[in-house]
Every structure is written in structure tokens, then in C-alpha cells.
Amino acid sequence: MEELLREERKFYPSSTFTKQANIQDNSIYETASRDFTAYWEKEAENLYWFKKWDKALEWEPPFAKWFINGKINAAYNCLDRHADGLRKNKPAIIWEGEPGESKTLTYGDLTREVKLFANVLKNQGIQRGDRVTLYMPMIPELTIAMLACARIGAVHSIVFGGFSSQALQERINDCKSKLVITADGGYRRGGIIPLKHSVNAAVENCPSVEKVIVVSRIGDNGLASMHPGRDLWWHELMADSSDHCPAEEMDSEDMLFILYTSGTTGKPKGIVHTTGGYLTGVASTHKMVFDLKEDDIYWCTADIGWITGHSYLVYGPLANGATTIMYEGAPDWPEKDRFWEIIEKYKATIFYTAPTAIRACMKWGSKWPEKRDLSSLRLLGTVGEPINPEAWMWYHKHIGGERCPIVDTWWQTETGQILISPLPGITATKPGSATKPLPGINAQIVDAAGNPVPNGTGGFLVLKSPWPAMLRNIYGDTDRFIFQYWSRFENTYFTGDGAKTDEDGYFWIMGRIDDVINVAGHRIGTMEVESALVDHPAVAEAAVIGRSHELKGQAVVAFITLREGHEGNLDLAKEIKQHVVIKIGALARPEEIFFTELPKTRSGKIMRRLLRDIAENRSLGDTTTLADASVINQLKLLQAN
Ligand code: WT7
């Protein structure tokens with residue numbers, strides 16, 4: 001981090017870029033901070049409301065309500081508004097399947113498909129407020145299903161296809177979904193992910209689930225193994241459906257979706273987002289941060305199973321009537337230039353991806369992007385973790401051709417929308433810094449007592465005022481919502497991140513300060529992995545930490561004490577790793593397992609700092625608080641091996 005703060009390079013947007021930018025002068029920050037509510041009201045006016053709100057904000061910390069009594073529908077704003085207007089024949093989604101097929105859905109097409117599927121949902125008995133779980137590959141039907149839920153007021157809960165069937169089951173049961181939508185499978189690096197297989201196993205223990213709708217993606221009935229009476233084919237239902245389906249008038253504060261994310265306990269949190277504020281936040285920031293123009297071809301590489309996909313692949317871009325690329329597969333399939341091939345093929349102008357992907361591409365070498373014409377690009381973005389200056393410089397040079405501004409966007413599943421980011425036409429960027437809070441956002445760095453710290457001093461990143469797309473609750477667990485985010489500082493949202501500002505007031509995010517780690521841009525709770533580990537019969541006790549990793553940012557490392565009669569060897573380590581894959585998914589698989597006693601303080605707290613020192617091969621820091629000093633020798637032996 002010290003390294004980062006010494007970063008002195010500054011990159012100014014070119015005058016050509018600034019002259020055409022949506023935001024060209026700094027006065028917007030001042031206007032917004034004078035009255036942030038009025039600022040967001042103005043942004044909300046860009047959406048279509050069946051009925052306008054009576055009042056913009058009700059703020060009784062920690063409970064915020066935005067656009068009180070406003071009536072709005074998210075799908076209507078993403079679809080009909082454009083299809084009934086000038087964008088009927090404009091591509092909404094340009095989809096590229098991993099095997100190489102391509103499909104374009106115009107706003108007219110997408111609107112029709114969503115209406116058809118909305119009627120399918122109704123015919124299956126889905127009503128306003130019902131929860132629907134989506135466990136799907138990156139295919140257009142995923143967007144169609146999301147927007148169909150939004151159209152009829154059902155609440156979608158999307159579970160990333162990389163989660164295991166047990167993780168899926170836990171998430172279905174937590175919100176008691178009536179319906180699951182999936183596919184027979186999805187493609188990944190030429191292989192097949194057997195999604196329906198996982199759904200079958202999950203749903204066995206999900207009493208709330210009445211029906212499962214299955215998209216035929218790979219055309220394999222065997223893998224799908226349809227359960228009569230419960231499972232239905234998407235294409236059969238669509239063939240019998242009607243495309244007359246007016247959008248429900250939803251209240252601004254009606255729930256739009258739940259998205260599960262990891263926290264500091266073993267149980268994932270169902271983050272609740274509502275309609276009017278969320279859509280205002282994502283539409284406004286998408287247009288401003290990505291400098292969106294009518295003829296842009298915008299590409300966000302995130303999976304829709306994460307918040308980035310929700311906000312900046314679906315809701316933000318479609319609310320703005322943009323053309324967005326959606327890609328099903330991996331960046332290195334069939335070759336390591338797949339991203340650059342797609343940019344060249346569709347002449348993408350805006351590209352938004354994660355530092356982990358940039359580092360992987362950097363490792364594969366600049367010969368891959370050099371083979372492709374990337375001259376259509378005019379703006380680049382990153383999200384998910386701090387970007388190291390080396391990766392930033394590579395992105396700037398080899399992808400952006402030294403001409404594209406880079407927006408490093410800081411936000412979270414909970415914040416719903418980007419909160420800290422450059423404005424590409426006016427902000428001078430520094431490699432590794434997300435720069436400044438956006439207009440209308442009151443972010444601060446404070447000490448343990450909640451007082452602002454001076455520039456250069458590390459502290460807790462907090463938000464002092466509400467913003468429209470902020471989470472409203474944790475589904476079914478208001479106590480946890482209050483405890484988790486609002487109990488450390490009074491009337492202040494605590495992000496869980498540490499940060500510093502430099503002499504220019506630029507924000508440098510230093511990463512999580514809680515027991516959450518960030519592996520390849522995926523948030524993983526160490527407690528969640530620990531619960532999966534102790535679930536294995538040979539494991540007595542486990543502690544998980546994040547170890548810095550060249551490509552993934554962090555990797556999962558586990559320290560395990562075995563039960564009597566078990567011997568720590570490679571086979572057992574392999575078996576235990578596989579157990580985590582079954583409980584959570586491959587994204588949480590420990591990279592390394594150490595068998596050892598765990599170092600604890602006299603009050604029984606595991607000394608994770610020591611474990612990090614071991615895992616990262618550093619000399620062990622202060623060990624005087626250890627309850628049992630003999631553990632040290634064991635740990636040192638581990639390091640020596
Ligand atoms: C955590 C949120 C928001 C979409 C993807 C992740 C880290 C996110 C940045 C950034 C430094 C970042 C933070 C944050 N993070 N963006 N630009 N610079 N750190 O969403 O899974 O909810 O994780 O990701 O630690 O708290 P998420």
C-alpha cells in the first residue's frame with residue numbers, strides 16, 4: 001500500500017475526449033453536495049414513472065425510502081420505453097455463445113420475449129412478491145427471465161452458475177422460492193456445466209419449489225433428466241404463451257431482487273434491492289461513469305450472477321437504451337484472444353472488466369491483443385478489487401492504446417451502484433486509485449471513533465448519507481442488517497473496507513478489513529469456507545485466510561486440525577478441498593491446506609495474522625499473546641517445508 005501511495009503518475013483525459021463527454025465540468029460535484037436529494041430527484045426524472053413520487057427521501061437511519069409513493073416498473077423502463085419509441089430496431093443485446101454462435105435481440109425483440117415469458121410465469125402461478133430463483137448460464141434467456149420477473153413484480157434471486165447444488169439449495173430455502181429457472185447446461189472452456197443436474201439435487205430438499213423451468217441450451221435430455229409434473233421446457237411454454245402483458249405498476253420501494261453475498265458469518269446474506277431508487281442509481285451512474293452515447297457498443301464481461309452483471313450489464317445499460325454485448329464463456333477459449341476478438345468483431349466502444357482478468361491477459365502477453373483491431377474502444381473500466389498499477393498500465397497501453405480513459409469503479413453488492421469513480425471527461429486518473437466519490441455520494445475515511453482521518457492515514461471507509469440504490473435490508477434478517485452495516489458508527493454505513501486518501505484527496509481502497517476475502521473478484525467469507533471444512537468428518541477445527549496471489553488477488557488457504565485417528569496427507573487434503581467444492585463451489589476451493597494445531601490467544605481467538613505470515617512465508621510477528629507457545633514450532637516447521 002505504501003507503494004501505491006507513492007504513485008505519482010497522473011493521466012489526463014484528452015481534450016478530444018473531454019469535448020464530447022457527458023460531464024465536462026466540475027460544478028456537478030458542488031451542485032450535488034449542496035442538496036443530494038434534489039440531485040437524485042433530477043436523475044430519477046430521466047426514468048418513466050406511472051405516477052411521480054410525493055417525496056424524494058425518507059431517512060430514518062438505517063432505513064431509507066426513496067421516491068415515496070412513486071409508481072414504476074423496471075422492465076418497462078428497460079424495454080417498452082425504447083421499443084415503443086425510437087429504439088425498436090436498435091440492438092439491445094448482442095449475444096455471443098462460447099462455441100461461437102451469435103444472436104442479436106433488438107429492443108423490439110427483447111420486449112416481445114419478456115412479455116411472452118412474463119405470461120409463462122403468470123400461467124405457472126407466479127404473483128407479485130413471489131420469489132423466483134435463477135441458476136443459468138450467460139444466455140439471453142437469463143436476461144429475459146429477470147426482466148419478466150420485474151415486469152410482473154416477482155422478485156428474482158440469481159445464483160451464480162459456479163455455485164454448487166448445496167449452495168443453491170441454501171439460497172433457495174432462505175428466500176423460499178416457488179420456482180427455479182435453469183438450463184440443461186452451459187458451456188465453459190469447451191466443457192459443459194451440468195446446471196440441471198445440480199438443480200435436481202438441490203430441489204430435493206426445497207419444499208417451497210413447485211416448478212422448474214428448463215432452457216434447452218446444450219440439447220442434452222440425459223443431463224436434464226426431467227422430473228414429470230415438476231419440470232417444464234422453456235421452449236414449450238413459450239410456444240403456448242401470449243405477448244400481451246402490461247407491466248405491473250410497482251411501488252418505488254417494492255422489492256426488485258435479492259442477491260446473496262458472503263459476509264463474516266457462515267451464512268450468506270440475501271441483499272435486498274428495491275425498484276425506483278435502484279434503477280435511478282444504476283441508470284444515472286451507467287450514463288455518467290461510462291460516458292454513454294446513443295451509438296456506443298458497451299461490453300461488461302461480468303456474469304449476471306454477480307451484482308456487476310445485474311447493475312451494469314442488465315438494468316443500467318437497458319434503462320439507458322444502450323446496446324450491450326453479452327458473452328457466455330471464458331476469456332481464453334478457444335484462444336487467449338477471445339475478449340479482443342469479440343471487441344474487434346462487434347466494434348465495442350466501452351469495455352468493463354475485472355483486475356483479475358486484466359492480470360491474466362497481461363500474463364498471456366500483449367501478442368494476443370496486438371493481433372486484433374481494438375481501435376473502436378474509447379473508454380475502459382475496472383471493478384471488483386484494487387487494481388495494481390502494473391496491470392493498470394498494461395490495460396492503458398495494450399488495450400486502451402494510451403487514448404482511452406480508465407474508470408476504476410469502487411462499489412459493492414450492497415451499494416447497488418458505483419459510488420467512487422473518476423468521471424472520464426474531467427478526472428485526472430492515477431493508476432490504482434478509484435479517485436473520488438461520485439456527485440451526490442458522501443464517502444469518508446474515519447478512525448475507530450468515527451472521526452475523519454487526515455490524508456495519508458488509513459481508516460475505515462464509510463458512507464455518511466443515503467444514496468438511491470443502497471441495500472434496504474438483508475432478506476428476513478433485519479437484526480443482522482443493522483448489526484452488520486450500521487452498528488459500528490452512528491447513522492453511518494460501514495463498508496467493511498479500509499482506505500486512505502492522498503494529498504489530492506484521492507481515495508485508495510486497501511481491501512476488506514473483515515473476515516471476507518476477494519478471490520478473482522469473487523467475495524468469499526472465510527467463515528463460510530470454515531463451516532464447509534469442519535463439515536468434513538476428518539476435520540476437527542479449521543481457519544481460513546486469504547493469501548495474496550499474483551493473478552487472483554487473493555487465494556484461499558486453510559489451516560486444519562484433524563480429529564483423532566486421521567493423518568494429514570496429500571490424499572486427504574485433496575478430499576477435503578473437494579468437500580469445499582461440493583459445499584460451496586469451485587470458486588472457494590482452498591489452494592493449499594496445512595495440517596496443524598491452530599495458534600490461539602489465551603481467550604481462544606485464532607491468531608489469523610500469524611497464519612497469514614505463515615502462508616505468505618514471512619517471519620512471524622509478535623507471538624507473545626499465544627496461549628500455547630509450542631504451536632509456534634509446528635507452524636515454523638510448516639514454513640520450512
Ligand atoms: C468489495 C465488494 C461491486 C462489484 C464487484 C464486487 C472490493 C470492488 C473495487 C475497486 C478496490 C474494490 C471492495 C468491496 N472492490 N470494487 N474498484 N477497488 N476494491 O462486489 O462482491 O460485493 O465485493 O469488492 O473490497 O468491498 P462485491
Side-chain angles (χ1 to χ4, degrees), residues 1 4 158 160 162-163 258-264 268-271 273 278 281-282 285-286 289 300-316 352-359 380-389 391-392 395 406-422 427 429-438 441 443 445 460-463 467 469-471 474 484-485 493-500 506-526 528 546 552-554 587-588:
M1 198 57 222
L4 288 184
I158 306 185
F160 173 59
F163 279 111
I258 301 167
L259 182 60
Y260 287 89
T261 188
S262 296
T264 46
K269 307 178 277 195
I271 302 301
H273 283 289
Y278 173 78
V282 298
T285 51
H286 179 255
V289 170
C300 165
T301 67
D303 193 287
I304 293 176
W306 306 108
I307 192 69
T308 307
H310 281 62
S311 298
Y312 296 106
L313 205 160
V314 178
Y315 285 113
Y352 189 33
T353 196
T356 185
I358 298 167
R359 286 191 298 266
L380 303 175
T382 81
V383 62
E385 54 175 309
I387 182 166
N388 46 312
W392 196 101
Y395 198 33
I406 297 180
V407 288
D408 175 351
T409 62
W410 178 90
W411 58 297
Q412 311 177 296
T413 305
E414 292 87 342
T415 70
Q417 63 179 85
I418 297 170
L419 297 188
I420 305 180
S421 165
T427 312
T429 53
K430 299 184 192 182
S433 168
T435 74
K436 298 201 169 200
L438 288 178
I441 300 304
I445 300 169
F460 305 101
L461 179 62
V462 299
L463 294 148
W467 63 98
M470 66 197 279
L471 79 166
I474 291 177
Q484 191 78 48
Y485 304 108
Y493 172 85
F494 175 47
T495 62
D497 280 343
K500 282 184 190 184
Y506 277 32
F507 283 63
W508 296 80
I509 313 294
M510 302 188 297
R512 308 287 311 194
I513 53 138
D514 51 10
D515 294 330
V516 169
I517 60 180
N518 191 323
V519 180
H522 299 152
R523 196 206 286 197
I524 294 174
T526 51
E528 214 175 327
K552 299 185 204 165
Q554 286 185 302
L587 67 172

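Every number for a ligand or one of its atoms is a count from 1 in the order of the listing. Small disclaimer: the values here were computed from a predicted structure and weren't measured.
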According to the interplanar angle, ranging from 0 to 90°, do the rings of Trp411 and Tyr312 count as parallel (below 30°), tilted (30 to 60°) or perpendicular (above 60°)?
->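 Perpendicular: the ring planes of Trp411 and Tyr312 meet at over 60°.
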Counting heavy atoms only, which part of [X] comes closer than 4.0 Å to ligand 1: side chain, backbone, both or neither?
X	answer
Ile307	side chain
Pro386	both
Gln412	both

Just jot down the ligand 1 atoms closer than 4.0 angstrom to any heavy atom of [X], in number order.
X	answer
Asn518	7 (C), 24 (O)
Thr308	4 (C), 5 (C)
Thr409	9 (C), 10 (C), 16 (N), 17 (N)
Ile509	11 (C), 19 (N)

Is Thr261 in polar range of ligand 1, meaning some N or O pair under 3.5 Å apart?
->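 Min N/O separation from ligand 1 is not below 3.5 Å for Thr261.
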Using a 3.5 Å distance criterion without hydrogens, assess whether the side chain of [X] forms a donor-acceptor pair with backbone atoms of [Y].
X	Y	result
Thr285	Gln417	no
Thr526	Asp515	yes
Asn518	Gly384	yes

Taking side chain as C-beta onward, heavy atoms only, is Arg523 less than 4.5 Å from Arg512?
->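 In contact.
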Looking only at heavy atoms, which two atoms of Ala469 and Gly281 are closest? And how far apart?
->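 Heavy atoms only, the tightest pair is CB-CA, 4.3 Å.
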Of the listed options Gly384, Gly521, Ser433, Gly432, closest to atom 24 (O) of ligand 1 (non-hydrogen atoms) =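 The residue whose heavy atom sits nearest atom 24 (O) of ligand 1 is Gly384.
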Report the distance from atom CD1 of Ile307 to atom NE2 of His273, rounding to the nearest 0.5 Å.
->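 With rounding to 0.5 Å, CD1 (Ile307) is 4.5 Å from NE2 (His273).
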